[in-house]
Amino acid sequence: SYQTAYLKANHPVEILADSALAAAILAACVWMIFGVGKLAESSAFVKVGCWLTIAVMSGFYYLFWTTRQPLEPFLRSLPNGLRRMVLSEQLLVLGATCLLFALAYAACLLQPVHGARVAGQMLRHGAAGLVVLPLLGLPLIQGHQDGMLIKIAVLVASFLIL
């Protein structure tokens, strides 16, 4: 799509940095559990790792929103143009986040001892985070003056509830 090409051309550092940070968070989580031996605290590590990954990946929504602003008059002139663009952004971020969680899940399953138990925790917390992620990408939050504070409030509340 136009946005993906635009982002790759004009924001490659942000894309690489955010993607690498999200992957590093999950990798550190798996390493702390299996490499360092913090199996007793695995649920806490997995939960924090998943929610930090969600927080980092939600930053892509702002990149998309700022990229979409010059196109909005044109998109509004098309039938469902803006709605389709927002939906495609949501699906792209959700898909990329699912891929990261799937890789972490597979890394847990490859562990010989207790890998399946930690993979179950990864699946549970990853799925809960994926439910919250689309809320963080709502145009109402992106365009709000205090959008970052709203995102933090939603993340903290969902972290405590789920």
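- To the nearest 0.5 Å, the span separating CD1 on Ile33 from NE2 on His114 amounts to 12.0 Å.
- Cation-pi check for Lys47 over Phe159 is met; the charged atom lies under 6.0 angstrom from the ring centroid and within 45 degrees of its normal.
- The two residues Ala116 and Leu109 come nearest to each other via the heavy atoms CA-CD2, 4.1 Å.
- To the nearest 0.5 Å, atom CZ of residue Phe60 and atom CG of residue Asp18 are 4.5 Å apart.
- Annotation: side chain of Leu75 is not in contact with side chain of Arg84 (no heavy-atom distance under 4.5 Å).
- A donor-acceptor pair under 3.5 Å is formed between the side chain of Gln142 and the backbone N or O of Leu136.
- Of all non-hydrogen atoms in Phe34 and Gly115, the two that sit nearest each other are CZ-CA, 3.9 Å.
- Summarising the geometry of Cys98 relative to Leu130, their closest heavy-atom pair is SG-CD1, 3.4 Å, with the distance given to 0.1 Å.
- A side-chain donor-acceptor contact under 3.5 Å links Ser77 to the backbone of Phe74.
- Residues Met57 and Ile152 share a hydrophobic cluster, clusters being chains of Ile/Leu/Val/Met/Phe/Trp/Tyr side chains in contact below 4.5 Å.
- Residues Thr53 and Phe101 meet the side-chain proximity criterion, which asks for heavy atoms closer than 4.5 Å.
- The side-chain heavy atoms of Ser88 and Met85, taken from C-beta on, include a pair separated by under 4.5 Å.
- In this structure, OH in Tyr62 is found 9.5 Å from NZ in Lys151, a value given to the nearest 0.5 Å.
- Within a 6.0 Å radius of CZ in Arg117, more than 12 heavy atoms belonging to other residues, nucleotides or ligands are found.
- By the 4.5 Å heavy-atom criterion applied to side chains, Val93 and Phe64 are counted as neighbours.
- Residues Pro70 and Thr67 approach most closely at CD-O, 3.3 Å, considering heavy atoms.
- At least one side-chain heavy atom of Leu94 sits less than 4.5 Å from a side-chain heavy atom of Pro134.
- Residues Leu140 and Leu87 fall into different hydrophobic clusters, defined by Ile, Leu, Val, Met, Phe, Trp and Tyr side chains chained together at heavy-atom separations under 4.5 Å.
- Of the inter-residue distances, the one linking His11 atom NE2 with Leu16 atom CG reads 13.0 Å to the nearest 0.5 angstrom.
- Trp51 pairs in a side chain to side chain contact (heavy atoms under 4.5 Å, CB included) with only one of the listed residues (Val156, Ile25, Leu155, Val56), which is Leu155.
- Annotation for Ile141 and Leu135: closest pair CD1-O, 3.1 Å, computed over non-hydrogen atoms.
- Both Tyr61 and Met148 sit in one connected hydrophobic cluster of ILVMFWY residues. Membership requires side-chain heavy atoms under 4.5 Å apart, directly or through other members.
- Cluster membership check: Leu99 does not share its hydrophobic cluster with Leu21, using side-chain heavy-atom separations under 4.5 Å among Ile, Leu, Val, Met, Phe, Trp and Tyr.
- The main-chain N or O of Arg68 is never found under 3.5 Å from a side-chain atom of Glu72 such that the two would form a donor-acceptor pair.
- Both Ile161 and Val46 belong to a single network of hydrophobic side chains, linked directly or stepwise wherever heavy atoms of I, L, V, M, F, W or Y lie under 4.5 Å apart.
- A heavy-atom distance below 4.5 Å is found between the side chains of His125 and Ser43.
- In this structure the side chain of Leu133 never reaches within 4.5 angstrom of the side chain of Gln90, judged on heavy atoms.
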I'd like to know whether Val118 forms a side chain to side chain contact (heavy atoms under 4.5 Å, CB included) with Gln111, so could you lay out the CA-CA distance, the side-chain angles of the two residues, the decisive distance to 0.1 Å, and finally the verdict.
CA-CA 9 Å; Val118 177; Gln111 303 302 317; over 6 Å; no
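- The local environment of CD in Gln145 is sparse, with at most 12 non-hydrogen atoms from other residues, nucleotides or ligands closer than 6.0 Å.
- With values rounded to the nearest 0.5 angstrom, Arg76 atom CZ is found 10.5 Å from Arg83 atom CZ.
- Closest approach of Val30 and Ala104 over heavy atoms only: CG2-O, 4.3 Å.
- Side-chain contact between Cys50 and Ile54: absent, with no pair of heavy atoms (C-beta onward) separated by less than 4.5 Å.
- Once rounded to the nearest 0.5 Å, the distance linking CZ of Phe45 with CG of Leu39 reads 11.0 Å.
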